[in-house]
Structures are given as structure tokens and as C-alpha cells.
Asker: 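Could you have a look at this structure, given as C-alpha cells, before my questions?
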Amino acid sequence: MQAHALANALLVTAVTLLSTSPSLAQSPGGDYPSRTVTLINPFVPGTITEADARPMLQYLTENLGKPFVMDFKPGAGGTLGTHFVAKAAPDAHTLLIASAGFTTNFALRDNLPYARKDFAPVSLLSQRGVFLVVTPSLQVHNFAEYLAYVRANPGKLNWGTSGAGSTFHMAGAYLASVTNTKVTFIHYKGNALNFIDLIAGRVQVSPMTSFAAMSFVKSGKVRPIAHLSASRSRVMPDLPAVAELGVPGYDYSSWGAVLTTGGSPPAAINKLAAAIGAYTRNPEASARAIREGYELISSTPAALGELIDAEMVRWKKVVADNNIKFEDE
């Protein structure tokens, strides 16, 4: 269930779309939205969350009749903006652009100012493939060679992360656990320095989102050896997935999703989910996303809720099994 939660979310969506009206104006939801809708971005401008959300907001503005705008509220690993949405009026007029860090925060922090029940899932928005890449100076050219190397040299490879407890740290701990291998995690304050040291060979291996990896791969500055997921990425379809390379069940996917405040009217949530689904199926929007290194997807609110709950269980186990401690910025 946990390893295939994202795939299940997409399957549920595909079935649901068969009965979804093509007219957004006629969708259930009464007069929603009745005023400007604000999407809270809990990270600084210029990140993938902004790239995810900007074109969607334009589409929703054009098709739902009211402005959809973005407001940045960064800080505390995304928890400040997330808390703002948790405490907003439960009317689906305050939204959150969430990422996989939404679920890892629940696993890592005992003192979050909000709970899972404070949020109502709306829809998945994107899937950002995560590639396992190595520095070109490392004589590892595929995932089989990587496994052979780390098993023969436990702890020798330096695995770069964007911080202790970050999603890249969690993905590495998860992979090490299921492959019975050991690497040395090197934690940076964000990925900029991590990638500089990776290219220079001071760390030898790191995950990279497809969004970030494209230019590095094309220029030969890093070598991709696997897609850290259960299936291949449309962004780099020739790169095998870890799950097909002797690690069945491994599935780490970086995703983007839209949530709103818990207790918001189901009719409004369903209308918004249908609109987001229509946006993700727009051929022009989909093609643009692929060019930029990620894929547009959508889901029903229920399927997104199942994904979030399954990932919370998974990451709590990874944290406990590996004694991972969160380091605040």
C-alpha cells in the first residue's frame, strides 16, 4: 500500500474522470469561489512549488471566475505557512501548495502546531521524478554497480542531502534500509552547496529532482543511475526505476499537491479538484511541465488523503529505524 500509494491515487483518479462533467461551470460547489482564493506557498520564491503553482493559478482564475493568487509565507521548514492554512476559515478559500515534506514533517517533529485533521486534501498536482545521480569521477555507471560498490565499501560513499531530516536524507535512509547498505550522509543547508560538492566530487552520490537534474545531466556534470521510484519517469524514460532493478517495492516520489483547511465544504473541494484535474489534462500545460522536468497529475481528494496517510506511516518507520533527527535551519 505504501509503496504504491501514488499509483493508486492516479488509478482512482482515472476511474473518477469517467464520470466527471467536462463543464467546470456546471460542477457541484454552489457559488464557490465567492471571492479571491489565496494559495499559500510555505517556501521562498523561486522554488519548484512556485513553478508548480503559477500556471495552475492562472488556469483556475480563467475558469472559475475569481482571482487565484499566491502568497509566500516561508520559514521553519515550511511549517509557518502550513500552520497559517490550518488555522484559516474552513471555506476552501485558503489553499496550501504542499510537497512530500508535508508528510515527513509529521514523522520528524513532535511539536508541530497543527495536526493531520486540520487539512482537507484537494488534489495532487505534480510528480517530480527523483533521480539517483553520481559524480562523474566515481566509477559507477548503473544501479547494479552502485549496489556492488556500497556493499563492498560500507560507509565509504558520501551521500549529499539538503539537511538532516530532509526528504533527500529520508530517501537515502529508506534506500539503505531496504538494500541493507550503508552510506555516510553529508548534510548541507539546502541543495545549492550539496550540488556544488557533488559536481566537484567531494560527495559522490545524491538524489536530484528531475526539475533540478535536467541541466546537470545534459552538461555531463552528473551521471544518473536510477529513478528512485516504482516506475520510470516520462522526463527520462530510458532510465530504469529502482523497483525494477532488484529493489521491489521501493518507491520514493517527490510530489506537489493542493490542500485546504480541514472542515471546508466537500462540494467546494470537489469542484476545485475537478478544475485542477482539468488543468493537469491540458495538453499545453502537460507538455510545458515535461519540458521543465516534471509531470502534471491529479487525484480525487480521497486518493490524495490515502497517499498522505500512507506516507506518514512509511516515514515514521524510516525515522525510527534510522534514528533520524531533524535539524532546524
Side-chain angles (χ1 to χ4, degrees), residues 3-7 9-10 13 39 41-57 77-78 96-105 121-133 160-163 166-172 174-175 190-192 194-195 198 206-218 222 224-243 250-259 276 279-280 285-299 303-304 307-308 310-311 314-315:
H4 301 288
L6 185 54
L10 298 179
T13 297
L39 180 132
N41 187 334
F43 303 104
V44 296
T47 63
I48 180 62
T49 50
E50 181 180 8
D52 265 1
R54 286 289 183 196
M56 177 197 70
L57 293 176
L96 175 72
I97 180 72
S99 63
F102 177 82
T103 57
T104 60
N105 272 334
V122 177
S123 174
L124 281 164
L125 175 59
S126 66
Q127 181 177 12
R128 310 159 195 155
V130 179
F131 303 139
L132 187 63
V133 303
T161 85
S162 53
S166 67
T167 53
F168 283 179
H169 182 195
M170 302 281 268
Y174 178 26
L175 183 62
N191 270 321
N194 173 23
F195 293 161
L198 176 70
S206 176
M208 265 193 185
T209 64
S210 51
F211 180 79
M214 297 299 288
S215 61
F216 290 107
V217 171
K218 289 178 180 178
V222 300
I225 59 172
H227 184 221
L228 291 175
S229 187
S231 58
R232 298 193 181 198
S233 167
R234 291 172 59 196
V235 174
M236 200 177 293
D238 293 334
L239 187 66
V242 167
Y250 184 92
D251 186 9
Y252 173 75
S253 296
S254 180
W255 45 262
V258 177
L259 312 178
I276 293 172
Y279 162 70
T280 64
S286 181
R288 180 181 61 246
I290 292 293
R291 289 195 302 270
E292 294 180 357
Y294 63 101
E295 301 175 57
L296 293 180
I297 58 175
S298 62
S299 73
L304 175 56
L307 169 66
I308 289 171
E311 288 213 350
R314 176 203 295 172
W315 295 131

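Atoms considered below: every heavy atom in the structure, side chains included; atoms not considered: hydrogens, waters and symmetry mates. Please read these numbers as outputs of a predicted model, since none were measured by experiment.
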Asker: Roughly how far, to the nearest 0.5 Å, is CD1 of I97 from CD of E50?
Answerer: 11.0 Å

Asker: Can you name the residues that form a side chain to side chain contact (heavy atoms under 4.5 Å, CB included) with T280, not counting sequence neighbours?
Answerer: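 Checked T280 against side chain to side chain contact (heavy atoms under 4.5 Å, CB included); matches are L125, I276, L296, S298.
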
Asker: Check step by step if side-chain contact (heavy atoms from CB on, under 4.5 Å) holds for L39 and L96.
Answerer: CA-CA 5 Å; L39 180 132; L96 175 72; over 6 Å; no

Asker: Nearest 0.5 Å, what's the OG1-CZ distance between T167 and F102?
Answerer: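 Answer for the OG1-CZ pair, T167 versus F102, is 15.0 Å.
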
Asker: How about T49 and N41: does a side-chain donor come under 3.5 Å of a side-chain acceptor?
Answerer: yes

Asker: Tell me the closest heavy-atom pair linking S229 and A241, and the distance in Å.
Answerer: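 Where S229 meets A241 most closely, the heavy atoms are O-CB, 3.4 Å.
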
Asker: Take L175 and Y250, measure what side-chain contact (heavy atoms from CB on, under 4.5 Å) needs, and give me the verdict at the end.
Answerer: CA-CA 7 Å; L175 183 62; Y250 184 92; 3.7 Å; yes

Asker: Between atom CD1 of I290 and atom OG of S233, what is the distance when rounded to the nearest 0.5 Å?
Answerer: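 One finds 7.0 Å between CD1 of I290 and OG of S233.
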
Asker: Decide whether W255 and E295 meet the rule of one side-chain donor and one side-chain acceptor closer than 3.5 Å.
Answerer: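 No donor-acceptor contact under 3.5 Å links the two side chains.
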
Asker: Not counting sequence neighbours, which residues clear ring pair (Phe, Tyr, Trp, His ring centres under 6.0 Å) with Y294? List them please.
Answerer: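 Y294 satisfies ring pair (Phe, Tyr, Trp, His ring centres under 6.0 Å) with no other residue.
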
Asker: Could you tell me which residues satisfy ring pair (Phe, Tyr, Trp, His ring centres under 6.0 Å) with H227, sequence neighbours excluded, listed by chain and number?
Answerer: F131

Asker: Taking atom CD of E292 and atom CZ of R288, what is their separation to the nearest 0.5 Å?
Answerer: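 Going from CD on E292 over to CZ on R288, the span is 6.5 Å.
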
Asker: What closest approach, in Å, do S206 and N194 show between heavy atoms, and which atom pair accounts for it?
Answerer: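 Nearest heavy atoms, S206 then N194: OG-ND2, 3.2 Å.
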
Asker: Under 6.0 Å between the ring centres of Y174 and Y252?
Answerer: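 No; Y252 has its ring centre 6.0 Å or more from that of Y174.
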
Asker: Could you measure the distance from the OH atom of Y279 to the CG atom of L57? Nearest 0.5 Å is fine.
Answerer: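 Interatomic distance, Y279 OH to L57 CG, rounded to 0.5 Å: 9.0 Å.
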
Asker: Which value, rounded to the nearest 0.5 Å, describes the distance between I48 atom CD1 and S99 atom OG?
Answerer: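 Reported value, rounded in 0.5 Å steps: 10.0 Å.
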
Asker: Please answer whether the main-chain N or O of L124 pairs with a side-chain N or O of S299 as donor and acceptor at a distance below 3.5 Å.
Answerer: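 Yes, because the side chain of S299 sits within donor-acceptor range (under 3.5 Å) of the backbone of L124.
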
Asker: Using a strict threshold of under 4.0 Å (side-chain N to carboxylate O), is an ion pair present between R128 and D52?
Answerer: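 Salt bridge flag = yes for R128 with D52.
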
